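All remarks here apply to the structure that follows.
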Amino acid sequence: MEYNHKEIEPRWQQYWQEREVYKVNPDPTRPKFYVLDMFPYPSGAGLHVGHPLGYIASDIYARYKRLQGFNVLHPMGYDAYGLPAEQYAIQTGQHPEKTTTENIARYRSQLDKIGFCYDWSREVKTCDPEFYKWTQWAFQLMFESYYDTATNRAEPISKLTAHLAAHGTEGLHAAGGKELSFTAEEWAAMTPKEQSDVLMNWRIAYLGHTMVNWCPKLGTVLANDEVCEGVSLRGGYPVEQRLMYQWCLRVSAYAQRLLDGLEKLDWTDSLKETQRNWIGRSEGAEMRFKVAGKDDLDLEIFTTRADTIFGVTFMVLAPESAYVSQVTTPEQKEAVEAYLNEVKHKTERERMIDKKVTGVFSGSYAVNPLTGREIPIWISDYVLAGYGTGAIMAVPAHDSRDYAFARKFDLPIIPLIEGADVSEQSFDAKSGKMINSAGPELNLNGLEVKDAIARTKEFIAEKGIGKVKVNFRLRDAIFSRQRYWGEPFPVYYKDGIPHMLPADRLPLLLPEIDQYLPTEKGEPPLGRAKNWQTPEGYPLELNTMPGFAGSSAYYLRYMDPRNSEALVSPEANAYWQNVDLYIGGTEHATGHLIYSRFWNKFLYDRGHIVCDEPFKKLINQGMIQGRSNFAYRIKDTNTFVSAGLKDQYDVTPIHVDVNIVSNDILDTEKFRAWRPEFNNAEFILEDGKYVCGWAVEKMSKSMFNVVNPDDIVERYGADTLRLYEMFLGPLEQSKPWDTNGIDGVNRFLKKLWKLYDGGVDDSAPSAESLKTLHTLIKKVTSDIEQFSYNTSVAAFMICVNELTAQKCHSRAILEPLVILLAPFAPHIAEELWHSALGHQSTVCDAHWPAFDPSVLVENEVTYPVSFNGKMRFNLTLPASMGQEEVIAAAMGAEGAAKWLDGKTVVKTIFVPGKIVNIVVK
RNA sequence: GCUCGAAUGGUGGAAUGGUAGACACGAGGGACUUAAAAUCCCUUGACCAUUGCGGUCGUGCGGGUUCGAGUCCCGCUUCGAGCACCA
């Protein structure tokens with residue numbers, strides 16, 4: 001009988017589904033293992049062959065762990081809220097829910113064909129009210145919490161209000177936006193509205209005036225990770241800065257913990273590094289500079305280079321800094337206003353593109369606290385308002401940006417490090433000996449930079465000029481979106497004060513609206529909803545939550561997906577804990593993976609879950625790129641020339657649909673039928689074939705290089721697809737999809753089939769076959785642990801070839817082989833398990849074979865013998881021989897004589913199982 | 001600019017400091033077949049010798065450590081990724 005995937009695969013998929021083979025429940029008698037994929041956004045284009053790469057990898061691991069006796073949680077769901085469905089709704093008027101439901105159905109059918117072992121009974125969708133109830137709940141909990149910097153965790157806001165009522169801000173330890181100072185009496189005297197506004201300074205979910213990335217084209221704000229190089233990640237539309245009153249999450253309060261938490265995670269170094277960059281911790285000092293002639297005004301600045309204070313020759317303020325109006329003198333007023341105006345009209349993008357040095361003098365001078373010297377205060381947009389204090393001390397000799405500014409405006413440059421040549425550029429390195437750094441109270445001359453920084457910090461703290469300060473680049477997350485297709489905020493407004501809906505009114509359902517556009521008044525789309533108010537008549541919040549809201553805690557929901565009382569029950573959470581293995585793309589490094597860790601830590605602080613990190617081990621699968629094919633049309637003709645001959649003509653390369661090309665050979669008939677303009681195309685062939693050129697590009701419709709997994713499954717089967725995707729190369733590496741090699745994997749499955757088709761009997765296995773099998777067990781087990789799936793596939797190929805050559809029919813060999821293969825190619829394994837091996841139960845319940853090292857022990861060993869590292873000959877000796885005997889035999893062996901001739905042996909090196917090396921002189 | 005990776009045949013890629021190129025594709029040759037498909041066998045890093053043995057060079061470049069380096073160390077080159085007027 002021939003191997004027929006078309007018959008086998010649907011049959012077993014149905015079997016698994018009917019018997020709920022992959023359904024799991026907590027089982028205290030077995031250890032748990034949680035394998036999770038980053039759930040997909042179901043786009044209209046469906047899955048291409050790149051998407052399942054990570055899913056296949058996690059599926060193999062999940063199946064492997066199950067065979068090892070673990071109770072494996074391996075769920076799947078959909079990140080269903082998002083911009084594309086809404087954009088589509090705006091264009092067509094179709095409800096995003098309809099589009100989303102259709103897309104999910106398509107994804108599901110595509111996923112089902114690949115044979116994953118998901119427990120579909122645990123499926124979640126972020127747009128499902130049963131799911132987003134808990135997104136809304138978490139938001140409310142954040143509103144009712146603040147971050148206590150003394151206990152170093154989120155605490156109920158009631159603890160904070162109690163403190164304010166008793167002591168005012170005196171002795172308050174809370175992460176906040178501004179340093180506020182008031183007494184208990186002042187707090188008590190505030191109106192409810194004032195109290196509400198003040199509390200926003202500390203709430204973890206708060207309303208705040210912030211500079212946001214506003215995308216006019218999309219009509220919404222975007223988070224920092226949704227913007228790249230000044231344009232929106234989705235759509236590529238320009239983004240500008242705008243001050244808006246928005247819901248925000250105080251992610252910044254968790255910056256240090258997010259950084260520290262990385263230490264104990266089993267993530268790749270590069271991913272941790274990316275997160276460290278994003279969090280951007282920098283340790284420095286905050287220092288106050290007096291303004292000459294204004295006794296009541298200090299400029300507060302942040303610097304990491306306190307040591308360079310003797311080289312400060314001017315100060316710079318960000319244009320948005322509150323200091324600007326205070327230091328601008330009447331004479332300079334006009335010039336400053338003109339400059340501010342100019343800066344305001346530049347978008348973020350424009351600022352980034354033209355890096356022209358611009359600025360204006362404020363008219364005032366600051367006083368260097370160490371030298372007493374007066375230095376001018378400038379205003380320039382190279383200083384960012386949002387980082388540090390929005391003001392800097394400029395040290396042109398040792399900072400390239402200050403240097404450029406000093407050169408442009410002809411300001412003095414004082415070198416502070418011995419041997420630093422600052423005539424052409426600044427010396428930014430933090431090394432060398434200090435010079436020119438002595439004042440009446442502090443002398444840094446001769447110190448190393450590192451020591452000078454420490455010494456200066458000490459000094460300024462003693463003198464009360466400043467203090468040591470840690471700054472983070474990580475900003476609070478802006479949590480409002482002016483969109484329709486997202487979670488509604490469970491918030492209403494009464495007398496201008498935001499209130500949370502009571503718990504029994506959750507979930508607050510997303511209302512129906514007539515058009516998915518902002519209202520005439522410029523309100524978000526929810527402004528169109530009828531009766532969008534509480535039963536008492538209070539207006540509800542019109543913004544919706546961003547995409548990351550629903551994806552931040554979904555992993556918890558899978559543990560207990562139908563619970564209507566809690567996000568996850570304590571019992572389910574105690575059993576499943578957190579994700580043991582998370583697989584997904586690296587594009588989520590600074591978005592989802594930061595928010596999710598934040599969200600998780602918050603829920604942990606408030607006692608709702610048991611783990612303070614969500615994802616123990618994380619693997620980033622590489623991207624599968626497209627491999628485009630080209631045909632070469634001779635200019636101004638309809639004649640196409642094969643790739644090998646194209647240089648003889650003047651040609652235009654044209655993208656050809658890769659689905660009508662096989663092994664770079666174009667199917668010319670299909671090509672003619674592909675598009676009307678190629679109907680009467682002529683071809684200049686080589687060796688009777690039309691060979692296409694190729695290039696690696698992004699997989700996209702416009703390049704005609706999208707390969708649908710359905711087509712591969714149809715032609716070769718899911719098992720071939722699974723094996724081939726793993727065989728393509730290391731999991732974590734990006735690589736182009738190239739169908740050229742798929743036949744090799746398919747051939748392997750046919751050989752495997754043939755091996756079992758030859759019959760299975762109970763004969764005793766040969767020593768040779770045992771060796772083949774146990775070599776495979778050892779290799780595959782260690783490869784799976786290291787996610788080195790490509791080499792395991794190679795090991796299977798070798799094994800099957802050897803067993804075929806050995807004419808092995810022994811059940812003792814062929815049965816374990818099927819189990820080893822089951823994670824990789826579950827359909828054929830299941831089929832062989834039943835038909836060839838005669839089992840009634842599913843192969844999923846088998847036990848992973850144990851490795852027996854004794855099978856591999858040889859009675860003879862072949863040693864490569866080398867002299868001075870040069871490989872000379874092989875020597876086969878009994879395994880029982882000891883080191884001394886082996887070396888003696890090597891020196892006495894034929895061929896050794898010319899190396900030993902008249903030379904003395906310096907030393908001998910014996911590496912068991914590897915090599916015998918004899919060093920002679 | 002800073003940080004982190006990577007570089008191996010025609011191609012994708014293997015190699016705990018120990019015979020570089022596993023495995024696969026592609027290519028070439030052969031068997032079976034009227035023929036094709038399918039299947040099987042041989043060759044396939046380069047160069048020299050191929051009348052046999054074989055020999056020389058080879059993991060981006062230049063040094064170093066070591067009996068021995070694709071692998072470790074130092075210095076470059078190129079490519080990729082992340083961050084980027086973050087003081």
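Each chain gets a letter, A, B and so on, in the order its sequence line appears, and its residues count up from 1. Because only heavy atoms are used, hydrogens play no part in the values below, and waters and symmetry mates are left out as well, while side chains stay in. Because the structure is predicted, anything quoted here is derived from the model rather than measured.
Here the side chain of A/T590 is nearest to one of B/rA22, B/rC25, B/rC83, namely B/rC83. Taking only side-chain atoms of A/I798, from C-beta outward, the nucleotide of B/rC23, B/rG18, B/rU19 with the closest atom is B/rC23. Out of B/rA87, B/rG18, B/rA24, the shortest distance to the side chain of A/I915 is found at B/rG18. Side-chain proximity of A/T791 to the nucleotides B/rA14, B/rC23, B/rG82 is greatest for B/rA14. Considering only side-chain atoms of A/T303, the nucleotide from B/rA87, B/rC4, B/rC40 that sits closest is B/rA87. Side-chain proximity of A/K754 to the nucleotides B/rU3, B/rU39, B/rG82 is greatest for B/rU39. Comparing B/rC4, B/rC83, B/rA87 against the side chain of A/F302 picks out B/rA87 as the nearest. When each of B/rC4, B/rA14, B/rA24 is scored by its nearest atom to the side-chain atoms of A/N790, the top-ranked nucleotide is B/rA14. If you check B/rG82, B/rA24, B/rG13 against the side chain of A/F727, the one that comes closest is B/rA24. Closest approach to the A/M797 side chain among B/rU3, B/rC25, B/rC23 is made by B/rC23 (side chain taken as heavy atoms from C-beta onward).
Across B/rC47 and B/rA37, the matching C1' atoms stand 39 Å from one another, rounded to whole Å. Nucleotides B/rA15 and B/rG30 place their C1' atoms 32 Å apart, quoted to the nearest Å. Using P as the reference atom, B/rA35 and B/rG13 are 40 Å apart when rounded to the nearest Å. Going from the P atom of B/rG55 to that of B/rU50 covers 16 Å, rounded to whole Å. To the nearest whole angstrom, the two P atoms, one in B/rA22 and one in B/rG75, are 34 Å apart. For the P atoms, the distance from B/rU65 to B/rU16 is 25 Å, rounded to whole Å. A gap of 41 Å separates the C1' atoms of B/rU19 and B/rG82, to the nearest Å. Nucleotides B/rG45 and B/rG10, compared at atom C1', are 10 Å apart to the nearest Å.
Here CZ of A/F310 is found 10.5 Å from CD1 of A/I414. Values are rounded to the nearest 0.5 Å. Annotation: the span from A/T313 atom OG1 to A/F405 atom CZ amounts to 10.5 Å, rounded to 0.5 Å.
Among the protein residues, A/I392 comes within range of the nucleic acid bases, having at least one heavy atom under 4.0 Å from a base atom. Residue contacts shown for A/P736 are absent, as no nucleic acid heavy atom lies under 4.0 Å away. Here A/D269 lies out of heavy-atom contact (under 4.0 Å) with every strand. Within 4.0 Å (heavy atoms only), A/R475 reaches at least one base atom of the nucleic acid. If you check every strand for non-hydrogen atoms under 4.0 Å, A/K779 touches nothing. As judged by a 4.0 angstrom heavy-atom cut-off over every strand, A/I909 is placed among the base-contacting residues.
Under the Watson-Crick or G-U wobble criterion, with both distances below 3.5 Å, B/rA81 is paired with B/rU3. Partner assigned to B/rC72 is B/rG64, using Watson-Crick or G-U wobble distances below 3.5 angstrom. Pair check for B/rU39 finds B/rA31; Watson-Crick or G-U wobble, both atom distances under 3.5 Å. Across all strands shown, B/rA87 forms no Watson-Crick or G-U wobble pair with both distances under 3.5 Å. When both distances must be under 3.5 Å, the Watson-Crick or G-U wobble mate of B/rG21 does not exist. Searching all strands for a Watson-Crick or G-U wobble partner of B/rG26 with both distances below 3.5 Å returns B/rU44.
Counting only distance, with no hydrogens or angles, the side chain of A/N629 and the backbone of A/V658 share no donor-acceptor pair below 3.5 Å. A/S437 places no side-chain N or O within 3.5 Å of a backbone atom of A/M434 that could act as its donor or acceptor partner. Judged by distance alone, with hydrogens and angles left aside, the side-chain atoms of A/N620 form a donor-acceptor pair with the main-chain N or O of A/G584 at under 3.5 Å.
In summary, the side chains of A/D402 and A/Y382 do present a donor paired with an acceptor at a separation below 3.5 Å, with no hydrogens or angles considered.
Each of A/T274 and A/K735 lies near RNA chain B, and the nucleotide nearest A/K735 is the one positioned closer to the 5' end. Between A/D783 and A/V911, it is A/D783 whose nearest contact on RNA chain B lies nearer the 5' terminus.
A sub-4.0 Å separation between OP1 or OP2 of B/rC25 and a side-chain N or O of A/R747 is present. Within the structure, a side-chain polar atom (N or O) of A/Y387 is placed less than 4.0 Å from OP1 or OP2 of B/rA87. For the pair A/T586 and B/rG82, the criterion of a side-chain N or O lying under 4.0 Å from OP1 or OP2 is not met. Contact check, A/Q733 against B/rA6: no side-chain N or O comes under 4.0 Å of OP1 or OP2. A sub-4.0 Å separation between OP1 or OP2 of B/rC4 and a side-chain N or O of A/R276 is absent. Phosphate proximity of B/rA87 to A/N471: absent, as no side-chain N or O sits under 4.0 Å from OP1 or OP2.
With a 6.0 Å cutoff to the six-membered ring centre and a 45° limit on the axis angle, A/R276 does not count as a cation-pi contact of A/W267.
Between A/L384 atom CG and B/rC83 atom C1' there is a gap of 14 Å when expressed in whole angstrom units. Atom CG in A/L262 sits roughly 14 Å away from atom C1' in B/rG82 (whole-Å rounding). Counting to the nearest Å, the C1' atom of B/rU39 and the CD atom of A/E2 are 10 Å from each other.
Proximity of the aromatic rings of A/Y724 and A/W737 is defined here by a centroid distance below 6.0 angstrom, and this criterion is met.
For the side chain to side chain contact (heavy atoms under 4.5 Å, CB included) criterion with A/L731, the lone passing option out of A/I56, A/I60, A/L53 is A/L53.
Taking the syn range as angles within 90° of 0, the glycosidic angle of B/rG9 is syn.
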